Amino acid sequence: MELREFIHDADPVRNRELFGLLGEYAASPAIRDALGGFISSEPGRRWFVMLEDGVRVAAFGSLRRKRTAAHLLHLYALEEDADIAVLERCIQEAREWGAACLLTADYWTRREFYFRYGFSSVRKVGRFVRFKKELGYGN
């Protein structure tokens with residue numbers, strides 16, 4: 001498996017590879033239901049895509065940088081445990097940015113996955129739970 005990294009560019013031509021890989025999944029009602037919403041992005045967001053055999057998407061997720069925190073969004077695995085490498089890379093990237101914490105929202109049923117990586121549950125947000133991993137940086 002190979003983990004590919006992309007930055008959503010303001011120039012749509014430069015995003016062809018990223019959205020070529022994610023397009024089918026972004027349009028999938030089953031994945032939308034699993035994630036609890038639509039896949040979205042904006043220029044500057046960093047995306048991580050795990051590829052099997054260099055072409056088949058096995059997992060993906062994105063990271064948005066905020067003032068002192070990083071936000072993990074759209075973490076999804078098509079192959080069992082393929083999202084582990086994506087999560088680990090997002091944690092590493094947030095640390096490299098100097099973020100004080102990494103935040104995400106996911107279903108409570110995924111809590112053990114996040115707890116294994118040092119996240120704690122912060123609060124309920126609608127049908128999701130906000131998970132937070134302190135990184136010890138920031139202001």
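Values below: all heavy atoms of this structure, side chains included; hydrogens, waters and symmetry mates excluded. Given the structure is predicted, the values throughout are model-derived calculations rather than measurements.
The nearest pair of heavy atoms linking Ala82 to Met1 is CB-CE, 4.4 Å. Listed here is the closest heavy atom pair of Val129 and Trp108: CG2-CE3, 3.5 Å.
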Salt bridge (Lys or Arg N to Asp or Glu O under 4.0 Å) between Lys132 and Glu134, worked out:
CA-CA 6 Å; Lys132 180 178 185 180; Glu134 296 289 345; 3.2 Å; yes
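The closest side-chain heavy-atom distance from Val86 to Tyr76 is not below 4.5 Å. Looking only at side-chain heavy atoms (C-beta outward), Arg4 and Phe6 come within less than 4.5 Å of each other. Side-chain contact between Leu73 and Thr104 is absent, with no heavy atoms from C-beta onward closer than 4.5 Å. With contacts defined as side-chain heavy-atom distances shorter than 4.5 Å, the pair Lys133/Ile91 qualifies. You'll find the side chain of Arg46 reaches within 4.5 Å of the side chain of Glu5, heavy atoms only. In this structure the side chain of Leu75 reaches within 4.5 angstrom of the side chain of Phe113, judged on heavy atoms. Within the 4.5 Å cutoff, the side chain of Ile39 has heavy atoms near those of the Phe60 side chain.
In this structure, the side chain of Asp11 engages the main chain of Val13 through a donor-acceptor pair within 3.5 Å. A donor-acceptor distance shorter than 3.5 angstrom exists from the side chain of Asn15 to the backbone of Asp9, with no hydrogens or angles considered.
Between Phe119 and Tyr114, the ring center distance clears the sub-6.0 Å criterion.
Screening residues 31-55 for ring-ring contact (aromatic ring centres under 6.0 Å, His included) gives Trp47-His74 as the qualifying pairs, with residues at least two apart or on separate chains.
Using a cutoff of 4.0 Å between basic side-chain nitrogens and carboxylate oxygens, Arg89 and Asp83 are not scored as salt-bridged. Between Arg95 and Glu93 there is no salt bridge, since none of the side-chain N atoms of the basic residue sits less than 4.0 Å from a carboxylate O of the acidic one.
Separation of atoms CZ (Arg64) and CG (Leu103) is listed at 11.0 Å; rounding is to 0.5 Å.
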